[in-house]
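Some notes on the structure that comes next.
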Amino acid sequence: MQRHGARRIGSQIEMGVKRSHPFCSATSLPWHHELSKDHQIFRHLLEACKLSSDIRTATETHTRIIRFGYGTHPSLVASLISAYAHCDRLNLAYKVVDQVFNWTVNLVALNKTLHSFIKSRDSELARKVFDKMPDRDVVTWNSMIGGYVDNGRFEEALRLFTMMLTSNVVPDKFTFASVMPGCAKLGSLPLAQWLHQLMIDMRIEVNYILVAAMIDMYSKCGGIEAAKSIFERVQRDDVSIWNSMINGLAIHGFALDAIAVFSKMDFEDITPDAITFLGVLSACSHSGLVKEGRHYFNLMKSRYSIEPQHEHYGSFVDLLGRAGLLEEAYAVITSMPIEPDVIVWRAYLSACRTHKNPKMGEVAIAHISRLRSGDYVLLSNTYCSQQQWDNAQRVREMMKKHGVSKKKGISWFEWGGRFHRFKSGDRSHPETEPIYKVLGGLIERAKAEGFVPKRELVMMDVSEEEKEENLCYHSEKLALAFGILKTGPGTEIRISKNLRICDDCHNWFSLVSRMLNRVILVRDRIRFHRFEGGLCSCGDYW
DNA sequence: ATAGGGTTAG
C-alpha cells in the first residue's frame with residue numbers, strides 16, 4: 001500500500017526518473033543517523049521553498065530526495081510536509097504522511113509534522129495525522145489541543161484534553177496555557193474552576209503566562225471576582241497580567257476599576273504597552289467615559305511614546321461615536337497619521353447606526369472595500385432607524401445580489417455538562433415544547449407589565465435574527481427560557497451569545513430579571529450584561 | 001517540537 005502511494009507521488013514529480021523504486025532502497029537506510037552533511041542541502045532547499053511558497057522547486061526537490069534514497073528520512077519528511085503545507089498543498093503533505101508514517105520513529109520530527117498541519121489551519125487533517133501517530137508525547141497532545149483552540153474548535157479542544165487525562169501522558173504548563181483560552185471562549189465558569197483545580201492538584205508551576213491566561217479565563221467566564229482575587233494574590237511582575245485584569249474589568253463594565261488598576265501600574269513599576277491601552281480605551285468606551293478616554297488616548301503617546309495603531313484609533317472612534325460625537329470622530333479619522341482602515345470605518349459606521357445618521361453611514365461604507373454581512377446589516381439598520389424603508393430595501397437587494405448572508409446568531413446555556421445552543425426561532429431542542437411554554441408565559445407576563453416590543457426592530461427585514469416569528473423568539477430568549485426551566489428560583493442564570501444582544505432582548509431581560517427576581521448574566525460578543533432588579537450593569541449604554 | 005494578554009461591525 002505504501003509503495004503504491006509512493007509511486008503516485010513519485011509519478012507526479014519524477015519527471016522521467018524511473019530507474020528504481022525510490023522507497024525500496026529508502027526503507028533500509030539507518031534513519032537514526034543524522035542526515036549526512038551533503039544532504040543537509042535538501043533541508044535548506046525546502047526551507048527556501050517554504051519561505052517563498054515555491055511549490056515547483058519543492059516538488060523537484062522531493063524528486064531528488066527520493067532519488068537519493070532519502071524519501072523517508074524523518075527530518076526531510078518533516079521539511080517536505082512543512083514546505084507543502086506552507087504552499088497550501090495539504091493533499092501532497094498528507095500523501096507524504098501516508099507513505100512514511102510507519103518508518104518514522106523520531107517523535108520530534110513527527111511533532112513537527114503535526115505542527116505543520118495545525119499551522120495550515122485544517123484541524124480535521126491535523127487530527128488525522130494525530131490519530132495516525134504511533135507514539136504521542138506531551139508536545140503532541142499540546143499541539144493538537146492548541147490547534148483546535150486556534151481553529152475555534154473549543155469543545156473539541158476540551159474533549160481532547162479530557163482524553164489526555166485518561167492517557168498515559170501528563171499535562172504540563174503548555175497544556176493549560178492552550179486549554180485555558182479555549183475555555184475562555186466557551187465562557188464556562190464550571191470548566192474554568194475545574195481547570196484551575198486541576199492545575200493545583202497537578203502541582204503545575206504557574207508563571208506569568210498562566211496567570212494572565214487564568215485571569216482572562218475567569219473574566220471571560222463571568223468569574224470576575226475570582227479573576228480579581230487571583231490578581232490580588234499573585235506576583236504581578238508582567239504587563240500581560242495587568243492587561244488581562246484591565247480587560248477583564250472592562251468587559252464587565254467596571255471602567256473605573258479598570259482605570260484604577262491602570263493607575264496602580266505606576267506604583268508597581270510596570271510599563272503599560274499598546275494592549276494595555278486597548279483595554280483602558282474599551283473600558284472608557286463602554287461606559288461613556290469620553291473625557292477619560294481622550295486623556296488616555298493622548299497619554300499613550302505623550303507619556304509612553306506608544307504610537308496609536310489602527311485598533312487604538314478604532315477604539316477611540318468607537319468611544320466618541322458611541323457618545324454621539326460623530327463630528328469629532330470623523331475629524332479623528334481624517335487627521336490620522338496612518339491610513340484609516342476598515343477597523344476605524346466600521347467603528348464609525350456603527351456609531352452612525354447608533355445615532356441614526358444614514359448619510360454619514362454611507363460615507364463610512366464607501367471606505368470599506370470588502371463589505372461583510374455585518375456592514376450591510378449596520379447600514380440597513382441605519383436606514384430603518386430613519387424610516388427610510390426604500391433604502392433599507394436596496395441594501396437588502398445588494399446583499400442578495402452579492403450572495404451575502406447574515407451571520408447566524410447563536411446563544412447557549414450550559415447545563416448538565418453540555419452546551420445547549422439555540423438559534424432564532426429554533427425548534428430543534430428536545431425540550432422545545434416546555435421551553436416555548438415558559439417563554440410564552442413570560443411574554444404574556446411582560447405584556448401585562450406594559451412591555452412593548454421595539455417596533456423599529458420588528459419592521460426591519462434585515463434585522464440580524466429576523467425570522468417570520470419576529471423578535472419574540474430570538475436565540476437569547478430561548479436560551480433564557482431553557483435556563484429558567486432547568487434552574488431553581490433565585491439562582492443566577494448565565495447565557496452566552498456570539499453576537500451582540502439586541503435592543504429588544506436587552507429591555508426584555510431587564511424586565512424578566514425584575515419579574516422573576518433573578519440575576520441574569522449575559523455575555524455577548526464583546527461584554528457582559530448583568531441584569532438585576534430591572535436594571536442592567538451596562539446602564540443601557542453599550 | 002508545543003504556551004499568555006488586545007483585534008471593528010452585526
Side-chain angles (χ1 to χ4, degrees), chain A residues 78 82 106-116 118-119 137-147 149-150 171-181 184 206-217 219-220 238-248 250-251 272-282 285 309-318 321 340-354 361 364-365 368 371-382 404 406-409 462-466 497-502 524-526:
Chain A
S82 159
N106 184 338
L107 195 49
V108 172
L110 282 184
N111 283 336
K112 268 189 179 171
T113 302
L114 177 65
H115 189 64
S116 297
I118 287 168
K119 280 247 279 284
D137 66 1
V138 66
V139 175
T140 319
W141 285 93
N142 292 350
S143 299
M144 193 62 234
I145 290 170
V149 173
D150 288 344
D172 63 3
K173 55 187 175 180
F174 288 84
T175 320
F176 285 97
S178 293
V179 86
M180 282 196 286
V206 284
N207 53 24
Y208 73 94
I209 292 177
L210 291 176
V211 169
M214 200 184 280
I215 290 172
D216 181 60
M217 172 177 73
S219 303
K220 287 179 178 160
D238 189 273
V239 65
S240 56
I241 295 173
W242 294 77
N243 290 351
S244 287
M245 191 69 254
I246 289 172
N247 190 52
I251 60 179
D273 65 7
I275 291 165
T276 316
F277 284 98
L278 279 178
V280 173
L281 285 172
S282 92
S285 179
Q309 294 306 300
H310 286 113
E311 288 82 1
H312 298 101
Y313 279 101
S315 200
F316 191 44
V317 166
D318 185 59
D341 69 347
V342 286
I343 296 180
V344 179
W345 285 115
R346 284 200 168 107
Y348 185 69
L349 175 61
S350 162
C352 293
R353 182 339 316 200
T354 310
I365 275 279
I368 303 173
L371 293 173
R372 293 200 216 158
S373 66
D375 303 325
Y376 291 102
V377 173
L378 270 180
L379 184 63
S380 168
N381 289 2
T382 313
V404 182
K406 286 161 290 171
K407 183 162 174 182
K408 292 263 184 298
V462 201
S463 144
E464 61 177 75
E465 286 190 11
E466 155 243 359
K497 179 171 178 169
N498 68 335
L499 301 175
R500 300 227 65 191
I501 186 170
C502 99
D524 78 8
R525 193 174 53 78
I526 63 169

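In what follows, chains carry the letters A, B, and so on, assigned in the order in which the sequence lines appear, proteins first and then strands, with residues in each chain numbered from 1.
- Here Asp318(A) lies in heavy-atom contact (under 4.0 Å) with sugar-phosphate atoms only.
- Contact annotation: Asn243(A) side-chain N/O to dG6(B) OP1/OP2 distance is not under 4.0 Å.
- With sequence neighbours left out, Ile343(A) forms a side-chain contact (heavy atoms from CB on, under 4.5 Å) with His310(A), Glu311(A), Asp341(A).
- Which of dT7(B), dA3(B), dA1(B) sits closest to the side chain of Asn111(A) comes down to dA1(B).
- Listed nucleotides dA9(B), dT2(B), dG10(B) differ in distance to Ile526(A); the shortest reach to its side chain belongs to dA9(B).
- If you take CD1 of Ile215(A) and P of dA3(B), they are 21 Å apart, rounded to a whole angstrom.
- Legend: residues meeting side-chain contact (heavy atoms from CB on, under 4.5 Å) with Thr354(A), ordered by chain and number and at least two apart, are Ser350(A).
- Met245(A) pairs with exactly one of Asp216(A), Val211(A), Ile215(A) by the side chain to side chain contact (heavy atoms under 4.5 Å, CB included) rule, that one being Ile215(A).
- Taking only side-chain atoms of Ser373(A), from C-beta outward, the nucleotide of dG6(B), dG10(B), dT2(B) with the closest atom is dG10(B).
- Of the possible donor and acceptor atoms, one in the side chain of Thr276(A) sits under 3.5 Å from a partner among the backbone N and O of Asp273(A).
- Contact annotation: the side chain of Asn247(A) approaches that of Ser282(A) to within less than 4.5 Å [non-hydrogen atoms, C-beta and beyond].
- Comparing atom distances between the Val139(A) side chain and each of dA9(B), dT7(B), dA1(B) picks out dA1(B) as nearest.
- Note on Val211(A): nothing from the nucleic acid sits closer than 4.0 angstrom, heavy atoms only.
- Between Asp137(A) atom CG and dA3(B) atom P the separation is 14 Å, expressed in whole Å.
- Nearest nucleotide to the side chain of Leu278(A), out of dA3(B), dA1(B), dG6(B): dG6(B).
- For dG10(B), its base sits under 3.5 Å from the side chain of Arg525(A) at one donor and acceptor pair at least.
- Between the side chain of Asp172(A) and the base of dA3(B), no donor-acceptor pair under 3.5 Å is found.
- In this structure, His115(A) contributes its side chain and Ser143(A) its backbone to no donor-acceptor pair below 3.5 Å.
- If you check dG5(B), dT8(B), dG10(B) against the side chain of Arg346(A), the one that comes closest is dT8(B).
- In this structure, the CD1 atom of Ile368(A) is 13 Å from the P atom of dT8(B), given to the nearest Å.
- Note: CG (Asp524(A)) to P (dG10(B)) measures 9 Å, nearest angstrom.
- Closest to the Lys220(A) side chain, of the nucleotides dG10(B), dG5(B), dG6(B), is dG6(B).
- Following rounding to the nearest Å, Ile251(A) (CD1) and dG5(B) (P) show an atom-to-atom distance of 12 Å.
- Applying the 4.0 Å criterion to OP1 and OP2 of dG10(B), one finds that Arg372(A) has every side-chain N and O outside that range.
- The Ser244(A) side chain lies nearest to dG5(B) when the options are dA1(B), dA3(B), dG5(B).
- Remark: C1' of dT7(B) and CG of Asp150(A) are 15 Å apart, rounded to the nearest angstrom.
- Nearest to the side chain of Pro181(A), among dA1(B), dG5(B), dG10(B), sits dG5(B).
- For dG5(B), the base has a donor-acceptor partner in the side chain of Asp273(A) [N/O atoms by modelled type, under 3.5 angstrom].
- Here Lys119(A) does not reach the OP1 or OP2 of dA1(B): none of its side-chain N or O atoms lies under 4.0 Å away.
- Comparing dT2(B), dA1(B), dG10(B) by their nearest atom to the side chain of Val108(A) picks out dA1(B).
- Straight-line distance from the CD1 atom of Ile209(A) to the C1' atom of dG5(B): 10 Å, rounded to whole Å.
- In this structure, Leu378(A) reaches the sugar-phosphate backbone alone: every heavy-atom distance under 4.0 Å involves primed, P, OP1 or OP2 atoms, never a base.
- The phosphate of dG10(B) has OP1 or OP2 within less than 4.0 Å of a side-chain N or O from Ser350(A).
- Met180(A) places its CE atom 19 Å from the P atom of dT2(B), with the value rounded to the nearest Å.
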Exercise for the section: Begin with the C-alpha distance, continue with both residues' side-chain angles, and end with the deciding distance and a verdict on side chain to side chain contact (heavy atoms under 4.5 Å, CB included) for Val377(A) and Asn381(A). Expected result: CA-CA 6 Å; Val377(A) 173; Asn381(A) 289 2; 3.7 Å; yes
